[in-house]
Each structure stands twice: as C-alpha cells, then as structure tokens.
Amino acid sequence: MYLLCDVDDCIECPFHGWTFRGDNGKCVRIPYSKGSIPAQAKIKSWTVLELNKLVYLWYHAEGSEPTYQPEEIEGITNGTWRCRGFSEHLINAHIQEVPENGADVAHLDHLHGPFLMQGVDLRFTNLPSIFGSVRHGWAAAWSPQEAPDQHIGVLHLSHHLTMFGYRVPGTTIDVEARQIGPSLVHLHFSHVIFGKGVLVQELTPVEPLLQRMTHQVWGSPWLPPFIGKLFLWGEYHQVERDLMIWNNKRYVSKPMFVKEDQLIAKHRRWYGQFYSENSPKYTANRTSLDW
C-alpha cells in the first residue's frame with residue numbers, strides 16, 4: 001500500500017484516509033468515524049533519512065538505533081551534478097551474493113573481460129567472434145576500512161580496453177566503489193577527459209531470495225549526457241552477465257578456495273557484522289520432492 005505525505009508530519013492511507021503520525025505510528029484521524037480512535041490503531045514507525053535524492057530506511061532485527069549513516073555525495077545534495085540515467089534488475093539470490101562480487105576480483109577477467117558486444121549470454125561470451133580481439137582489462141583490490149568506518153568496504157578498480165593485446169589510449173576509467181553497509185554502494189568514477197561521476201547502487205530485499213537492484217548514474221556538469229548514458233549502458237550489460245550467475249548459483253557457506261580467493265573469505269568475515277542474533281533465517285522446509 002502506498003502512503004501519501006501529510007503536512008502535519010503524518011502519512012495518510014489512500015484507501016480509507018486513515019492518518020498516522022510519522023514519529024510514533026499512532027492513528028490520529030479516521031475521517032468517517034465519529035467515535036474515539038482505538039488505541040491499537042497504530043503502524044510501525046521506522047527511522048528514515050533523506051539524502052542524495054533518496055530515502056534510506058534503517059532496519060535492525062533487535063530494533064537497535066542506527067550505528068552509521070550513508071555518505072553524502074556533495075554533487076547530488078548541492079544540485080551541481082545531474083542524473084544521467086536509471087536502471088533496475090530483480091535478482092533471485094541471497095542478498096550477500098551481490099556485494100561479494102566486489103571482493104571476488106578473480107571473476108573480472110573471465111566474466112567481464114569479453115567485449116560488451118559479445119553479449120550477456122555466458123554460453124557465448126568467450127566463444128570466437130569478430131569482437132574477440134577487443135577485451136576489457138581490469139586491475140582490482142578490495143579492503144575493509146578501520147574503525148569508525150568498519151561498516152565500509154572499498155574496491156579500487158581500474159578499467160581499460162585492449163585490442164589485439166594492445167592497450168587502447170583514452171579508455172582508462174578509475175573507480176572507487178564504497179560498499180556502505182550490506183546493501184548500498186557508491187561507485188565513484190573518473191576519466192581524464194570527461195571528468196567525474198558516481199553510480200549509486202541500492203539493493204532492497206523483496207522476498208528472502210529476491211532482491212531489487214537499482215542503479216543511478218550522476219555526473220558533473222562537464223560529463224556529457226551521452227557519456228553518462230554510455231557508462232550506464234555498459235554497467236547494465238555487465239550486471240546482466242552477473243545476473244545469469246546469481247540467478248543460477250547456490251550460496252555455499254564453506255566453498256572451495258584457492259590462495260587467490262582469499263579476499264572472498266575476508267569479505268565474508270567483514271559482511272558478518274551485518275547479521276545479529278535474531279536476523280531472519282530462511283529455510284525451505286522441504287523434505288521431499290513432492291510439491
């Protein structure tokens with residue numbers, strides 16, 4: 001049910017017009033009732049924050065108060081940057097699968113190395129084609145931050161294109177992706193010619209194994225709109241490749257690692273801080289093949 005804002009710091013149900021206070025959730029008005037308002041007429045009140053043209057909601061299984069806040073992106077809040085595009089995906093996977101890609105630097109070359117024109121169907125992206133001589137090159141490193149920023153993990157990434165094994169000038173994009181908490185990423189990028197921008201990624205749980213992922217691209221006044229759209233197009237198609245993995249993989253708590261995968265284990269230890277004793281647990285409750 002969508003709720004409408006009221007001028008008195010209340011929210012109003014569009015169905016019957018019941019009005020609830022925003023700070024404590026108590027019902028303060030039932031427009032067609034002449035009697036007293038029942039004491040149990042109340043909805044849950046959440047801690048929210050309006051920042052970066054978004055509304056953030058704090059959830060904690062034990063009801064604890066927020067221990068950190070999203071970072072402000074000054075170019076968005078002061079109005080100097082412009083939104084250059086928006087995309088949305090639905091992902092059938094555990095929410096932890098998505099941010100874990102940031103530490104899984106080994107997957108970049110195999111999954112995201114083939115040129116974008118190779119498509120997003122992973123059955124064909126590494127097969128010989130007329131675009132096979134062009135590849136995306138990656139250099140990446142992920143690390144958790146120290147207190148008081150222990151809720152932040154940072155991926156430093158450099159991207160470029162190669163053709164016939166030679167680096168293509170002018171294709172280098174430097175990226176700092178800041179994972180803030182379990183579901184928010186600020187991916188700051190810069191180009192020597194086109195300037196700076198940020199891609200904001202949000203993950204919102206829809207069901208236990210269904211997540212909604214959105215991307216917004218914001219750019220400085222010097223970032224041409226078509227460059228922002230091109231960046232979003234490239235990100236969208238690279239995510240489509242990840243999506244084919246996420247939608248078909250199973251989360252394994254103790255997978256087989258080699259030495260080069262040590263950042264994944266490090267990321268899992270870091271991500272564990274976002275679970276608490278009463279965090280919801282999903283069980284399929286299926287004991288046979290009858291359904």
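For the numbers below, each heavy atom of this structure counts, side chains included, while hydrogens, waters and symmetry mates do not.
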S.K.: Find out if a path of hydrophobic residues (ILVMFWY) with successive side-chain heavy-atom gaps under 4.5 Å connects V154 to L184.
M.R.: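 V154 clusters together with L184.
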S.K.: Tell me whether Y236 shares a hydrophobic cluster with L116, the cluster being built from Ile, Leu, Val, Met, Phe, Trp, Tyr side chains joined at under 4.5 Å.
M.R.: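 Hydrophobic grouping puts Y236 apart from L116.
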S.K.: Measuring from atom CD1 of I152 to atom CZ of R178, what distance do you get when rounded to the nearest 0.5 angstrom?
M.R.: 4.5 Å
S.K.: Return the set of residues passing ring pair (Phe, Tyr, Trp, His ring centres under 6.0 Å) with H110 (not counting sequence neighbours), or none when no residue passes.
M.R.: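 H110 satisfies ring pair (Phe, Tyr, Trp, His ring centres under 6.0 Å) with no residue once adjacent residues are dropped.
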S.K.: Between P99 and P182, which heavy-atom pair has the shortest distance, and what is it?
M.R.: CG-O, 4.0 Å
S.K.: Could you tell me whether the side chain of D242 reaches within less than 4.5 Å of the side chain of H107, counting heavy atoms only?
M.R.: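 Yes; the side chains approach each other to less than 4.5 Å.
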S.K.: ring-ring contact (aromatic ring centres under 6.0 Å, His included): which pairs involve residues 186-207, sequence neighbours left out?
M.R.: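 Listed by first then second residue: F189-F231, H191-F194.
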S.K.: Can the ring centroids of F86 and H215 be said to lie less than 6.0 angstrom from one another?
M.R.: no
S.K.: Could you list the cluster mates of V48? Members are the ILVMFWY residues connected by side-chain heavy atoms closer than 4.5 Å, either directly or through other members.
M.R.: W46, V55, L57, Y59
S.K.: Any side-chain heavy atom of V185 sitting closer than 4.5 Å to one from V200?
M.R.: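 Result no, sub-4.5 Å side-chain heavy-atom pair not found.
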S.K.: Answer with yes or no whether the hydrophobic clustering places Y68 together with L54; edges join I, L, V, M, F, W, Y residues whose side-chain heavy atoms lie under 4.5 Å apart.
M.R.: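 Yes; L54 is reachable from Y68 via cluster members.
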S.K.: Clusters formed by hydrophobic residues whose side-chain heavy atoms approach within less than 4.5 Å: which one holds L90, and what are its other members?
M.R.: V206, L210
S.K.: Partners of H151 by side chain to side chain donor-acceptor pair (under 3.5 Å), sequence neighbours excluded?
M.R.: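 Here no residue qualifies.
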S.K.: Transitively linked via ILVMFWY side-chain contacts under 4.5 Å: I91 with I95?
M.R.: yes
S.K.: Can you tell me if NZ on K281 sees more than 12 non-hydrogen neighbours from other groups inside 6.0 Å?
M.R.: yes
S.K.: Under a 3.5 Å cutoff, is there a donor and acceptor pairing between the side chains of E240 and H89?
M.R.: yes
S.K.: May I ask you to decide if the ring planes of W58 and H60 are parallel, tilted or perpendicular, using 30° and 60° as cut-offs?
M.R.: parallel
S.K.: Determine the interplanar angle of the W142 and H267 rings, folded into 0 to 90°, and report it as parallel if under 30°, tilted if 30 to 60°, perpendicular if over 60°.
M.R.: tilted
S.K.: Side-chain heavy atoms under 4.5 angstrom apart, residues restricted to Ile, Leu, Val, Met, Phe, Trp, Tyr: same cluster for I76 and Y56?
M.R.: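 As far as the 4.5 Å side-chain criterion goes, Y56 and I76 are connected within one cluster.
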S.K.: Which pair of heavy atoms, one from R241 and one from P114, lies closest together, and at what distance?
M.R.: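 It is NH1-O, 2.9 Å.
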S.K.: With a cutoff of under 4.5 Å between side-chain heavy atoms, which Ile, Leu, Val, Met, Phe, Trp and Tyr residues group with Y251?
M.R.: none
S.K.: Does a side chain donor of either Y32 or W18 reach within less than 3.5 Å of an acceptor in the other side chain?
M.R.: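 Note: Y32 and W18 side chains meet the donor-acceptor criterion.
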S.K.: Does the side chain of T172 pick up a donor-acceptor pair with the side chain of R167 at under 3.5 Å?
M.R.: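 Yes, R167 and T172 have a side-chain donor paired with an acceptor closer than 3.5 Å.
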S.K.: Does a side-chain heavy-atom distance below 4.5 Å link V252 with R250?
M.R.: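 V252 vs R250: side chains touch.
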S.K.: Measure across W138 and H160 and return the closest heavy-atom pair with its distance rounded to 0.1 Å.
M.R.: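 For W138 versus H160, the nearest heavy atoms are N-CE1, 4.4 Å.
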